[in-house]
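Here's the structure, in structure tokens; my notes come after.
First the proteins, then the strands, lettered A, B, ... as listed; each starts at 1. Computed from a predicted structure; not experimentally measured.
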Protein chains: 2
Amino acid sequence: MGATDARRPPVMADVAKEAGVSHQTVSRVLNDHPNVRGETRARVLAAIGKLGYRRNLVARALVTKHSRTLGVVSFDTTLYGPASTVYGIEQAARSAGYFVSIVSLKSIDRRGVLDALDYLADQGVDGIVVVAPQRSAATALTDLPGGIPTVAVEGGQAGGVPVVCVDQVEGGRLATEHLLSLGHETVWHVRGPSDWLEAEGRVAGWRAALAAAGRDGPEPLAGDWSPRSGYEAGRSLANMKDVTAVFVANDQMALGVLRAFTERGVRVPDQVSVVGFDDIPESEFFSPPLTTIRQDFDAVGRQSIEVLLRQIGGSGERERLVVSPSFVARASTAGR
Amino acid sequence: MGATDARRPPVMADVAKEAGVSHQTVSRVLNDHPNVRGETRARVLAAIGKLGYRRNLVARALVTKHSRTLGVVSFDTTLYGPASTVYGIEQAARSAGYFVSIVSLKSIDRRGVLDALDYLADQGVDGIVVVAPQRSAATALTDLPGGIPTVAVEGGQAGGVPVVCVDQVEGGRLATEHLLSLGHETVWHVRGPSDWLEAEGRVAGWRAALAAAGRDGPEPLAGDWSPRSGYEAGRSLANMKDVTAVFVANDQMALGVLRAFTERGVRVPDQVSVVGFDDIPESEFFSPPLTTIRQDFDAVGRQSIEVLLRQIGGSGERERLVVSPSFVARASTAGR
DNA sequence: GGCAAGACTGTGAGCGCTAACACTAGGGAG
DNA sequence: CTCCCTAGTGTTAGCGCTCACAGTCTTGCC
């Protein structure tokens with residue numbers, strides 16, 4: 001007891017004195033160095049327990065130049081997709097022994113991303129995951145401050161950095177092919193904002209599937225991912241006579257589309273079939289339950305950490321991991 | 001050019017040499033000390049710019065004992081509520097010049113919360129916000145590791161720490177009173193999990209409103225916040241004859257209830273009125289658009305940081321901030 | 001002209017830790 | 001019996017920064 005007079009937390013030297021060894025030996029025990037006698041190790045451990053010693057990671061970081069902290073830059077973590085991805089990232093990072101420092105941007109322009117990167121670099125993170133679903137964000141990654149390993153999630157062909165993403169084109173294709181296979185003449189599309197790579201990918205998949213079937217693609221309707229924008233697109237679609245199938249770029253907008261159809265008396269799936277994208281927990285309980293494309297955000301998060309850790313470990317290769325989306329059949333689609 | 005030979009990043013001493021001053025003067029410039037001549041300051045700033053110097057915050061933290069990092073412990077940041085709260089916290093913290101380190105728990109038991117707290121303490125955070133909506137988490141706060149300022153969000157009467165929360169009882173009352181004022185004989189309730197303080201509060205508000213109107217409260221149906229559990233509760237309710245008004249403890253479960261009613265041909269609001277809780281972005285587009293109680297998660301997040309910063313600043317008082325929920329009228333409720 | 005009270009700047013020490021090296025004891029090879 | 005190697009330990013020197021203090025150089029005022 002009373003080893004240290006003042007009420008300050010014990011430091012390594014206190015433990016050393018308590019155990020009757022040098023502070024370096026304490027350090028060796030803490031770092032699992034092989035050359036410590038079992039009995040000595042036990043004595044040190046006992047002293048640590050007795051004093052309630054906790055190693056000061058800041059001091060450690062200063063000398064090792066590794067903070068064991070990873071940075072995450074994301075856009076609006078209120079949305080289900082980013083939230084799930086960040087969640088997966090955080091879980092994976094923590095189980096690998098890393099802290100996670102998060103910067104949530106409200107607008108994800110070039111400037112914002114670079115500022116966030118700088119900010120995290122200042123803090124001394126060992127690596128950074130940028131959830132960069134927008135083109136402007138992805139291009140910001142071409143000229144990084146340098147030195148800090150970085151991986152992009154959903155970053156398309158982001159310059160020089162490794163990427164982990166879901167195959168959006170494939171997803172768009174799956175949705176569209178499903179609708180065509182039900183006998184629909186053509187498929188309309190409510191797309192996401194034009195700056196988003198995910199939106200682009202889904203449009204490309206939709207176009208590709210239509211082209212492969214020899215069909216004309218109508219002009220896509222623009223949305224901004226929000227239920228409201230889907231609602232507005234849905235009102236427009238409800239006014240057109242020849243619409244029988246719609247592929248909506250995310251589930252939230254699909255909800256808006258369904259709402260607009262309900263208001264106008266358009267029955268889904270009897271008159272119009274609707275497919276969404278994401279498979280948020282709610283979509284199974286929409287009216288009708290929504291057929292959609294599932295993205296495994298959790299896997300994306302986990303894989304991005306795996307790639308980042310390899311990058312920190314020194315693997316120089318510029319990996320590109322693509323996670324496949326899957327089709328989820330529910331009640332919002334039917335044949336002609 | 002070539003001030004430093006090696007390819008290592010410049011340190012304060014390099015800047016000092018470049019500007020022809022002592023390292024301490026550089027430090028003073030960086031910390032906005034008053035007693036630095038304008039011309040000297042300019043020279044230092046120029047040297048910083050020329051060398052691309054960035055202060056090493058780890059070294060700074062070692063000596064000041066302040067990391068300018070705040071920790072956040074939360075439960076399942078995939079849910080809209082926690083995600084929004086954490087978002088508000090992060091924004092507020094960053095604009096106050098703090099980094100944010102997040103730990104997202106999957107199960108929020110006592111042990112998990114304490115581990116998370118330890119983990120953050122090791123990292124040297126200056127303060128911690130615990131989003132502790134469950135009783136087991138809240139009680140974990142009664143015996144904190146000590147030393148680190150902490151505030152609880154939604155923590156009920158959590159032991160010794162300041163709390164910021166939404167008045168759940170008031171919300172439950174608002175919802176129930178609205179339904180009673182429409183002429184419903186009584187109001188049924190689909191509640192959240194029993195360990196959650198928010199669920200308890202809403203039940204209490206519902207009970208209080210019924211009691212004030214001299215009505216009997218039927219036994220509440222149990223849910224777990226998920227749309228599926230709401231769906232199951234909805235199926236039970238659809239089987240009962242005398243149900244005309246339901247207050248559901250969150251919007252996601254309300255969606256499930258609506259779905260079950262739709263399947264059974266129960267018309268909302270003609271036959272049954274439904275009120276939700278949270279006002280998630282989707283609820284405006286449910287069928288029918290959901291009358292609900294709005295929680296300002298953003299405000300909660302911001303206020304929790306304000307309280308925490310006051311706590312760090314040394315204000316000893318055990319504040320308790322209550323944010324009022326508000327009523328949002330939509331189309332899922334109607335008179336008898 | 002002298003001297004105290006500022007303004008401004010430099011020097012030294014040390015935050016708590018790890019890396020590098022120096023040292024001691026014991027054991028097998030020559 | 002000496003030598004060297006290895007296992008185990010201690011000693012020293014920083015990491016890059018801020019704090020406390022010690023200067024130096026102005027000013028203003030008697």
Side-chain angles (χ1 to χ4, degrees), chain A residues 3-4 6-45 47-48 51-69 121-126 147, chain B residues 3-4 6-45 47-48 51-69 121-126 147:
Chain A
T4 43
R7 257 277 158 274
R8 76 168 154 81
V11 299
M12 206 172 255
D14 299 323
V15 176
K17 194 194 292 179
E18 174 74 30
V21 297
S22 75
H23 62 126
Q24 177 61 307
T25 296
V26 177
S27 170
R28 276 192 269 256
V29 169
L30 255 23
N31 293 317
D32 282 323
H33 260 259
N35 296 351
V36 178
R37 198 148 43 102
E39 195 254 332
T40 309
R41 180 184 307 274
R43 230 169 49 237
V44 169
L45 257 20
I48 287 176
L51 265 44
Y53 169 74
R54 330 206 58 176
R55 158 161 64 176
N56 182 326
L57 292 184
V58 173
R60 178 185 162 91
L62 177 61
V63 41
T64 60
K65 316 252 186 236
H66 297 300
S67 59
R68 291 203 77 78
T69 298
D122 271 354
Q123 199 197 4
V125 297
D126 294 344
Chain B
T4 43
R7 256 277 159 275
R8 79 170 152 78
V11 298
M12 207 173 256
D14 300 323
V15 175
K17 196 195 291 179
E18 173 74 30
V21 297
S22 75
H23 62 125
Q24 176 61 322
T25 297
V26 177
S27 171
R28 276 193 269 257
V29 169
L30 254 24
N31 292 317
D32 283 323
H33 258 261
N35 295 351
V36 177
R37 197 148 43 102
E39 195 253 333
T40 308
R41 181 184 307 273
R43 230 169 48 237
V44 169
L45 257 20
I48 287 175
L51 265 43
Y53 168 75
R54 330 205 58 176
R55 159 162 62 177
N56 182 326
L57 292 184
V58 173
R60 178 185 161 91
L62 178 59
V63 39
T64 60
K65 313 247 185 248
H66 297 300
S67 59
R68 292 203 77 78
T69 298
D122 271 354
Q123 199 197 6
V125 296
D126 294 344

Are side-chain heavy atoms of B:S67 and B:Q123 found at a separation under 4.5 Å? no
CA sep, side-chain torsions, deciding dist, call: A:L30, A:I48, side-chain contact (heavy atoms from CB on, under 4.5 Å): CA-CA 10 Å; A:L30 255 23; A:I48 287 176; 3.5 Å; yes
Do B:L57 and B:R68 touch side chain to side chain, with heavy atoms closer than 4.5 Å? no
Is any side-chain heavy atom of A:L45 less than 4.5 Å from a side-chain heavy atom of A:R41? yes
Spacing between B:D14 atom CG and D:dC15 atom P, to the nearest angstrom: 11 Å
Nucleotide interval of DNA chain C bounded by contacts with chain B (heavy-atom cut-off, under 4.0 Å): C:dC8 to C:dG16
Between CG of A:D126 and OG1 of A:T64, what distance do you get to the nearest 0.5 Å? 8.0 Å
For a 4.5 angstrom cut-off between non-hydrogen side-chain atoms, does B:H66 reach A:V58? no
Round to a whole Å and report the spacing from CZ of B:R8 to C1' of D:dG14. 13 Å
Can you see if the side chain of B:R60 gets near the phosphate of D:dT18 - specifically, an N or O under 4.0 Å from OP1 or OP2? yes
Check this for me, if you would: do A:D122 and B:R60 make a salt bridge, where the nitrogen-to-carboxylate-oxygen distance has to be below 4.0 angstrom? no
Mapping B:V63 and A:T40 onto DNA chain D by nearest heavy atom, which one lands closer to the 5' end? A:T40
Here the distance between atom P of D:dT18 and atom NE2 of B:H33, to the nearest Å, is 9 Å
Nearest-angstrom distance from the residue atom NE2 of A:H23 to C1' of D:dG14: 12 Å
Let me spell it out: for each of A:R28 and A:M12, pick the nucleotide of DNA chain C with the closest heavy atom. Which residue's pick is nearer the 5' end? A:M12
Please report the distance, rounded to the nearest Å, between CD in B:Q24 and C1' in D:dC21. 11 Å
Taking the axis from the first five pairs and the axis from the last five, what angle separates them in the helix from C:dG1-D:dC30 to C:dG30-D:dC1, rounded to 10 degrees? 50°
What contact category does B:V21 fall into here, base, sugar-phosphate, or nothing, at under 4.0 angstrom with non-hydrogen atoms? sugar-phosphate
CE of A:M12 to NZ of A:K17, rounded to nearest 0.5 Å, is 15.5 Å
Closest non-hydrogen atom pair, A:V36 against A:H33: CG2-O, 4.0 Å
Interatomic distance where CG belongs to B:N35 and C1' belongs to D:dT26 [whole Å]: 13 Å
For B:N31 and D:dC19, give me the distance from atom CG to atom P, rounded to whole Å. 7 Å
When you check the phosphate oxygens OP1 and OP2 of D:dT18, does a side-chain N or O of B:K65 lie under 4.0 Å from one of them? no
